[in-house]
There are 2 protein chains.
Amino acid sequence: MKSRITITDIAKEAGVSTALVSFVMSNKAKGSREYRVRPETEKRVLEVAAKYDYQPNSSARALRSGEYRTIGVVLSDISNKFYAEISRQIENWAFHHDYVVLFGSSDENPKKLSNVMKVFKNKGVDGMIIVPCEGSESAISQMAGSGMPVVLLDRDIPGAEFSSVVLNNFKASVIMTETLVGKGFRKIEMISYKTTLSNIKDRESGYLKAMEGAGLTETRIHRPEYCNYREIEQIVLDAKARNVEALIFTTYNMSLMGRKAFISHGLRVPQDCFFACFNNSDAFDLYEPDILYVKQPIEQFAVEAMTLLVKMINEPESAQSCTKIILQPEVVFSSSEVHV
Amino acid sequence: MKSRITITDIAKEAGVSTALVSFVMSNKAKGSREYRVRPETEKRVLEVAAKYDYQPNSSARALRSGEYRTIGVVLSDISNKFYAEISRQIENWAFHHDYVVLFGSSDENPKKLSNVMKVFKNKGVDGMIIVPCEGSESAISQMAGSGMPVVLLDRDIPGAEFSSVVLNNFKASVIMTETLVGKGFRKIEMISYKTTLSNIKDRESGYLKAMEGAGLTETRIHRPEYCNYREIEQIVLDAKARNVEALIFTTYNMSLMGRKAFISHGLRVPQDCFFACFNNSDAFDLYEPDILYVKQPIEQFAVEAMTLLVKMINEPESAQSCTKIILQPEVVFSSSEVHV
DNA sequence: ATGATGTGATTAATCGTTTTAACATTTGTT
DNA sequence: AACAAATGTTAAAACGATTAATCACATCAT
C-alpha cells in the first residue's frame with residue numbers, strides 16, 4: 001500500500017531540500033529577481049515531480065499559507081436556470097484558473113444565507129460571490145467586515161458599500177419599454193413585487209422613466225402580495241379586460257406564471273397583449289418567437305465577478321475600495337432557436 | 001487585529017490541554033465508555049468555545065485526520081435543468097449533514113471528467129458522485145481503484161463494478177410504452193442515439209420488450225448520427241409522413257428539439273402524433289398538458305447517492321462491495337402545473 | 001499493603017506544506 | 001586582495017488540529 005507521495009519524497013529523490021521543491025512547485029515570482037533557483041535544479045525537481053505525478057497536499061498548503069484556492073458561491077437557488085447557467089460559467093472560469101468552487105443556496109432566506117456563509121468561511125474559502133436576498137445586508141456586512149472578500153452578483157444592495165457585478169437593469173428596462181413604445185404600444189404595464197433589492201427597483205424606475213420620456217402618463221406597476229399563480233392570473237385577466245397592450249414581467253418565476261396565464265386563457269402574443277420579461281426560458285424560445293426579453297450576459301457575469309473577487313483576494317488593499325461593475329444589457333426578441 | 005482563534009486559545013482559557021478541547025469538540029464515541037471527560041470539564045470547554053464562537057480549522061483537521069467532510073460531484077453539465085435540480089438536493093443534504101460539496105462539469109468529455117476528478121482528489125474530497133460519460137470508464141476505474149469512494153449517478157456503466165444510483169429505466173420505458181399502447185397507439189417509434197451508457201440502452205430495451213409483449217412487431221429505433229436539430233426534424237417529418245402514432249425521445253435535449261420540430265411543422269399532440277420523453281421541461285408543462293414523461297425522483301437520487309457514498313466513506317470495508325440502487329420510475333402526463 | 005482496574009487529563013509526535021533567516025558559494029568592484 | 005553584493009540552497013520553525021502513549025489518581029478486591 002503505497003501512500004500518497006509528499007514533498008519530502010520528491011526532495012529526497014531530487015537530492016535537494018523540501019524548501020527548494022516548494023519554491024519550484026509554487027513558482028512564485030517566476031521570472032522576477034526574487035526567484036533564485038538554478039535552471040538545472042529546477043529541471044531536475046520538475047522531472048521527479050512529474051515522474052511521480054506529485055501534487056502538493058492542499059490541506060497542508062492551506063494550513064501553512066492561509067491560501068485555499070477555493071471560492072464560495074451563494075445563490076438564491078442553484079436549480080434556477082439563470083443561476084445554474086452562471087454557476088456553470090463560474091465553475092468553468094475557476095477550473096481554468098486553478099480554483100475550486102463551493103456552491104450553496106440561500107432560498108431567499110437571510111438566515112440560511114448567513115449559515116451557508118459561515119460554513120464556507122469555516123471550511124476555508126478565499127472569497128465569496130453572493131447573490132444577496134431580502135434582509136441579508138447585515139449578515140453580508142459582517143462577513144465582509146471580518147476581512148472576507150465579497151462580491152455581490154446580479155443584485156446590489158442600494159446604499160451599501162459592497163463590490164458588485166450587476167446588469168444595468170435601469171437601462172435594460174428603458175430600452176425594453178422604448179422598444180415596446182416603438183412598436184406602437186401605449187398602454188404598457190409592469191408586474192413586479194415589493195422589494196429593496198436593486199435589480200428589481202431599477203427595472204421599475206427604468207420603466208417609469210421611459211414611459212415619461214415617451215410622454216405616456218398612464219403607467220402602472222402591479223406588486224402582488226404573494227406572487228403566486230392566482231394573483232398573476234388575476235392581474236393578467238384584469239389587464240386583458242382593460243385592453244392593456246403590453247405587460248412587462250420583472251422576474252423569471254412571475255414571467256413563467258404569466259405565460260401560463262396567457263396560454264390558459266388564450267391570449268396570443270402579439271395580437272392580444274404583448275409579453276416582455278427579463279430572463280429567457282426554453283419555454284419561450286420554443287413556442288413564441290415574438291416575446292421580448294433581456295438577454296443576460298451570463299459568461300460576463302461570471303468572468304467579471306471572479307476576476308474582481310480574485311483581485312480583491314490578491315490585493316487586500318484594493319479590497320477596501322468597493323468596485324461596482326455594471327454590465328450592458330441586450331434586449332432581443334425570442335430567437336426561436338433551440339440551443340443544445 | 002485579532003486573528004482567528006485556535007484550539008490553544010480555548011484550552012488556555014478553559015484551563016485544560018488542547019487534547020481535551022479536541023475530545024470535546026469532536027465528540028467521538030460520545031456516550032460510549034471510550035469518551036472520558038468529566039461532565040463539568042466538558043461544560044466549561046463548551047462554554048468557552050461558544051463564547052468565542054470557536055470553529056476548528058478545517059485545513060488542520062483535514063491534514064491531520066485525513067477527513068475532509070467534502071464531497072466532489074461531477075455532472076455532465078450543471079446548467080442542465082435535471083442536473084441542476086439534483087445538485088440542489090445534493091447541496092441540501094450535504095448542508096444538513098455537515099458536508100460541503102464541490103461541483104464540476106465534464107461536458108460529456110472523458111478527458112475533462114478525468115481532469116476534474118484529479119482536481120477534486122488533489123483538493124481533498126472524501127468521496128465522489130459521478131455522472132459517467134461515454135468513454136470515461138477507465139478514468140473512473142482508476143480513481144475508484146486508488147481507494148476513492150465513488151458512486152455513479154443517473155447512468156451506470158454496464159458490466160463495471162461501480163456502486164450506482166440509477167432510475168429503473170427499463171421499467172420506465174416499459175410502462176411508458178404500455179401506456180401508449182393502452183391509449184390505442186400501435187405504430188410507436190423511439191428516437192435515441194448510439195451509446196454504451198446504461199440509462200439509454202435500458203430505455204431502448206424497455207421499449208422493445210413492451211412492444212413485443214403487446215404483440216407489436218413493427219418497432220423502430222432511430223439513432224441520428226450527430227443528434228442535431230436538422231436530423232431530429234427530418235426524423236419527425238418522416239415519421240409524420242409514415243403516420244407514426246407516437247414518438248418516444250430518450251434524451252432531454254433531443255426531446256426539446258423534437259418539440260421544436262413538432263411546433264414548427266404544426267404537428268399537434270395528441271391528434272397528429274403523440275409525444276413522450278424521459279425528462280420534463282418547463283416548456284412542456286407550460287404548453288402541452290398531454291405529453292407523457294417520466295418523472296425523475298430528484299430528491300431520492302440525491303439522498304440515496306449521498307447516503308450510499310457516506311456509508312462507503314465511513315466503512316471502507318463496505319466500499320469494496322458494489323451496491324446498485326435502482327429507483328422506481330413514475331410515468332405521468334404533463335401536469336400543466338407551473339412550479340415556482 | 002499490594003496490585004489491578006478505571007477514570008480523567010496531559011504530553012508530545014505527527015500530518016505536509018510554506019517561509020524566514022541563515023549559510024555557502026560565486027560574482028563583481030575597487 | 002579584500003570586501004560587498006548577488007545567487008543558490010538549506011535548516012528549522014511555524015500552521016492548528018488529532019491521537020497514541022503516558023501519567024496521576026482514586027477505587028477496589030484480595
Side-chain angles (χ1 to χ4, degrees), chain A residues 2-45 48-49 52-70 121-124 126, chain B residues 2-46 48-49 52 54-70 121-124 126:
Chain A
K2 78 169 196 319
S3 81
R4 183 185 236 286
I5 77 141
T6 75
I7 199 173
T8 314
D9 304 324
I10 304 299
K12 211 164 285 173
E13 174 124 354
V16 295
S17 70
T18 63
L20 216 352
V21 177
S22 176
F23 290 152
V24 172
M25 293 312 286
S26 62
N27 52 353
K28 275 234 180 56
K30 182 69 172 282
S32 93
R33 279 169 46 267
E34 290 305 302
Y35 186 79
R36 305 188 310 196
V37 179
R38 205 192 302 163
E40 59 200 74
T41 312
E42 173 183 290
K43 182 155 169 284
R44 192 149 32 94
V45 170
V48 177
Y52 292 99
D53 191 23
Y54 166 68
Q55 298 289 116
N57 177 300
S58 62
S59 298
R61 188 200 284 257
L63 174 58
R64 178 56 231 235
S65 70
E67 204 204 356
Y68 299 93
R69 295 209 75 84
T70 301
K121 174 172 193 182
N122 175 231
K123 180 68 199 177
D126 302 306
Chain B
K2 78 169 196 317
S3 81
R4 186 183 231 287
I5 77 139
T6 74
I7 197 173
T8 315
D9 303 326
I10 303 301
K12 209 163 288 172
E13 174 122 357
V16 296
S17 69
T18 63
L20 219 326
V21 177
S22 177
F23 291 152
V24 172
M25 293 311 287
S26 62
N27 52 351
K28 276 231 180 57
K30 183 69 172 279
S32 92
R33 279 170 44 268
E34 290 304 302
Y35 186 81
R36 303 189 309 200
V37 179
R38 203 191 302 163
E40 61 201 71
T41 312
E42 173 183 290
K43 181 155 168 286
R44 191 150 31 96
V45 170
L46 251 21
V48 177
Y52 292 99
Y54 165 69
Q55 298 289 116
N57 177 302
S58 62
S59 297
R61 188 199 285 254
L63 173 60
R64 176 59 228 240
S65 70
E67 204 204 355
Y68 300 91
R69 295 208 78 80
T70 301
K121 176 172 192 183
N122 174 231
K123 179 69 199 176
D126 302 307

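In what follows, chains are A, B, ... by sequence order, proteins preceding strands, each numbered from 1.
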Between A/Arg38 and D/dT9, is there a side-chain N or O to OP1/OP2 distance below 4.0 Å? yes
Mind checking if B/Val21 touches a base, just sugar-phosphate, or nothing, with heavy atoms under 4.0 Å? nothing
Test side chain to side chain contact (heavy atoms under 4.5 Å, CB included) on A/Arg44 and A/Val16; report intermediate values, then the result. CA-CA 10 Å; A/Arg44 192 149 32 94; A/Val16 295; 4.1 Å; yes
Looking at A/Arg4 and A/Gln55, would you say the former's side chain and the latter's main chain have a donor-acceptor pair under 3.5 Å? yes
Rounded to whole angstroms, how far apart are CG on A/Leu63 and P on C/dT18? 11 Å
For A/Thr18 and B/Thr6, take the nucleotide of DNA chain D holding the closest heavy atom to each; which residue's nucleotide lies nearer the 5' end? A/Thr18
Is there a side-chain polar atom (N or O) of B/Thr41 under 4.0 Å from OP1 or OP2 of C/dA9? yes
It should be established whether A/Ser17 places a side-chain nitrogen or oxygen under 4.0 Å from OP1 or OP2 of nucleotide D/dT10. yes
B/Arg69 has an atom CZ; how far is it from atom C1' of D/dT18, in whole Å? 15 Å
Could you check whether any side-chain N or O of B/Ser65 sits under 3.5 Å from a backbone N or O of B/Arg61, counting only pairs where one atom can act as donor and the other as acceptor? yes
Sugar-phosphate only, base, or nothing, as touched by A/Ser22 at under 4.0 Å among non-hydrogen atoms: base
Euclidean distance, atom CZ of residue B/Arg64 to atom P of D/dA14 [Å, nearest integer]: 20 Å
Rounded off to whole Å, could you give me the CD-to-C1' distance for the A/Gln55 and C/dT18 pair? 17 Å
Would you indicate which nucleotide in C/dT17, D/dG8, D/dT19 comes nearest to any side-chain atom of B/Phe23? D/dT19
Separation of A/Ile5 atom CD1 from C/dG16 atom C1', in whole Å? 12 Å
Give a yes/no answer on whether the side chain of B/Tyr54 brings an N or O atom under 4.0 Å of OP1 or OP2 in D/dA17. yes
For atom CZ of B/Arg36 and atom P of D/dT22, their distance in whole Å: 14 Å
Mind calculating the distance between CG (A/Asn57) and C1' (D/dA17) to the nearest angstrom? 14 Å
Closest to side chain of A/Ala19, choosing from C/dT17, D/dA17, D/dA12: D/dA12
Heavy-atom pair of closest approach, residues A/Gly124 and A/Thr70: O-CB, 3.8 Å
Among B/Ile10, B/Val48, B/Val45, which residue satisfies the side-chain contact (heavy atoms from CB on, under 4.5 Å) criterion with B/Val24? B/Val45
Nearest whole Å is fine: how far is D/dT18 P from B/Leu20 CG? 13 Å
